[in-house]
S.K.: 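Below: one structure in structure tokens.
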Amino acid sequence: MLRVRFAPSPTGFLHVGSARTFIFNWLYARRNGGTMILRLDDTDVERNTAASVSSIFEGLRWLNLGWDEEYKQSERLALHRQIAESIFQKDLAYRDFTPAHVGDTEKSGANQTWLFNPGMRELSRAESDRRASAGETFALRFRVPRGHGEQVRFADAVYGEQSKLADDIEDFALLRSDGMPTYHLASCADDIDLRISHIIRGQDHLSNTYKHALIFAAAGSSVPLFAHLPLLVAPDGSKLSKRRHGPVVSVTTYRDAGFLPDAFINFLCLLGWSPKDDRENMTRQELTDAFSLEGINRSNAVVNFKEPAATPDDTFDPKALWLNAEHIRALPIENLSERLSTIVQAAGLHVSPQKMSAITPLIRERIKLLQDVLTAADFFFVDQLPPYDASELFPQKGDAAMAQKVLDKAHAVLPQTEFQHDPLDQALRNAAQEIGVKAGQMFQPIRVAVCGRKNAPPLFETLQVLGKETTLARIDQAIDKLRNQAPA
RNA sequence: GUCCCCGUCGUCUAGCCUGGCCUAGGACAUCGCCCUUUCACGGCGGUAACACGGGUUCAAAUCCCGUCGGGGACGCCA
């Protein structure tokens, strides 16, 4: 039975790298009829936060992939201790009475090779028992085989067969002096108990895996198959970190910026995995059908975001933006319309479902993020256009006088015109001819008058949605603006 | 410092295992042209990469060795 798990530790927001790990596990499970397990690795009471737990669920819920079983590591301490005890009874672990170091002091000392604390490995069982029953606190350390040139091995579906000299592995802790299991112990104990068959996780665990192989063997369990994923890195090549790189590494940032979950999933899949047939724009189903461990790469992938982050459009990886635009265009109009409507309402603007349905086709090819609806279609939602410069009204190769002439003419013919695409097209082209300007010169001042800017959706459809009344009112305002700006 | 992993266009990647079809393919980005009432979409085209050095071979992006570069792990964090 194929069983995979995603095991985040709730010490921060859901990270894009974690999200990708989740997605790959999910894809692998779904592709092969396996079981997807979510396990909260929350043994570090000090650093866990409720906010982090909710951020993880929030992110996963947005991805909308789901899972089949759910566990909390903190509720399984008895199991962890039991496995630690059994390893200790086999003499494959020993008590270390050396006082614990505090916090990061340990870390700063890690630029020197440390394998074990002197004296503790050799302590006799009797002496060890005596000190323990005298109330001395201790950490339980794994007794890594030393001095025999023993190799520790495991199989990795991505990186191949791995082996390392046991003498190079330190006597890592299984239990802390407060009796709590360490990550290595808890993780392996749960993987054994939950009968995990494949461990798919980030490559930052690759060198920890030797320790895990040792634990599995000591607990008398078979070793699962591993698949380590290449890391997601920042443009400068460093590991993605919340502290250094900010919101772009948090999943909810993508949600809030207007990414479609499936587009985001699609993007993440392409980082470190390839279907090998040049496809890139893929649906969830296509990804599921195409996913395999063989398609996973070995080298780190850069998430190509921009550090300074001026506007949303240039903070995100351009490929993520492109994929999102593709997914937006692939959505049925009604579906897209509802999503956009939600965003418009959230911004405090009003639009009826009918009107939004009419607007959506006009902006669908012009937005990359759902949030772009606010800038692409703003003029549909407001009563009063924001101020713009009168010179914007001038047609190409034209001046204020020509703009004036065009708008006057438009104001004269529009009241008798039916506000549908073809009649508007005909009426305005005829009008252009009558006053001796090119069609483009006719359209531009009207476009600016009703939209407040030059770049906008196609004119006739826009007028149709806006309606006769609003159109004429805005043309009136534009004419006034021209008069005020250019006195006599 | 010790150990481990990685190295194809700016970025994501195909090709590497099973040398020749690779004058290295695709995509994004970028530049140009076309379409066109603006913008966008779309179409066409351009620029752009096998880290370096040795081998092995008739033949190397592909196999071997070395160098350099990058990353990761080394905690009673996960």
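So that the names make sense, note that chain A is the first sequence line, chain B the second, and so on, each numbered from 1. Quantities reported herein were computed from a predicted structural model and do not represent experimental measurements.
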S.K.: What distance, rounded to whole Å, do you find between the two C1' atoms, one in B:C74 and one in B:U57?
M.R.: 42 Å

S.K.: By nearest atom, which of the nucleotides B:G75, B:A78, B:C39 is closest to the A:W114 side chain?
M.R.: B:G75

S.K.: Could you tell me if A:D42 and A:N48 have a donor-acceptor pair between their side chains, going purely by distance under 3.5 Å?
M.R.: no

S.K.: For atom C1', what is the distance between B:U8 and B:A60, given to the nearest Å?
M.R.: 14 Å

S.K.: The side chain of A:K211 is closest to which nucleotide in this list: B:G42, B:A73, B:G72?
M.R.: B:A73

S.K.: Would you kindly give the CG-to-P distance between A:D317 and B:U11, to the nearest whole Å?
M.R.: 12 Å

S.K.: Can you tell me how far C1' in B:C9 sits from the matching atom in B:C50, rounded to whole Å?
M.R.: 10 Å

S.K.: Taking B:U36 as the reference, what is the distance to B:C12 when you measure between their C1' atoms (whole Å, please)?
M.R.: 32 Å

S.K.: Side chain of A:W322 only, heavy atoms from C-beta on: which candidate in B:C3, B:U13, B:A29 is closest?
M.R.: B:A29

S.K.: Looking only at atom P, what distance separates B:G7 and B:A51, rounded to whole Å?
M.R.: 9 Å

S.K.: With a 4.0 Å cut-off on heavy atoms, is A:R279 in touch with a base, just the backbone sugar-phosphate, or nothing at all?
M.R.: nothing

S.K.: When the C1' atoms of B:U56 and B:G43 are compared, how many Å lie between them, rounded to an integer?
M.R.: 48 Å

S.K.: Would you please indicate yes or no on a ring centroid separation below 6.0 angstrom for A:Y254 and A:F316?
M.R.: yes

S.K.: When you measure from the centre of the six-membered ring of A:Y388, is the NZ or CZ of A:K454 under 6.0 Å away and within 45° of the axis?
M.R.: no

S.K.: Could you check which of B:C4, B:C28, B:C3 has an atom nearest any side-chain atom of A:Q162?
M.R.: B:C4

S.K.: Is any side-chain N or O of A:K276 closer than 4.0 Å to OP1 or OP2 of B:G15?
M.R.: yes

S.K.: Grab the CG-C1' distance between A:L323 and B:U11 for me, whole Å please.
M.R.: 13 Å

S.K.: Looking only at atom C1', what distance separates B:U47 and B:G10, rounded to whole Å?
M.R.: 12 Å

S.K.: Mark yes when over 12 heavy atoms from residues, nucleotides or ligands other than A:R76 sit less than 6.0 Å from its CZ; otherwise mark no.
M.R.: yes

S.K.: Decide, yes or no, whether a salt bridge links A:E280 with A:K319 under the criterion of side-chain N to carboxylate O below 4.0 Å.
M.R.: yes

S.K.: Rounding to the closest angstrom, what is the interatomic distance between B:G20 and B:U62 at atom P?
M.R.: 11 Å

S.K.: Does the B:A27 base have a donor-acceptor partner in the side chain of A:K319 within less than 3.5 Å?
M.R.: yes

S.K.: Side chain of A:A301: nearest nucleotide among B:U13, B:G71, B:A73?
M.R.: B:U13

S.K.: Crowded around A:Q426 CD? As in, over 12 foreign heavy atoms under 6.0 Å?
M.R.: no

S.K.: So which protein nitrogen or oxygen atoms get under 3.5 Å of nucleotides 21-25 of chain B's nitrogens or oxygens?
M.R.:
residue, atom, partner, partner atom, Å
B:G25, N2, A:D278, OD1, 3.3

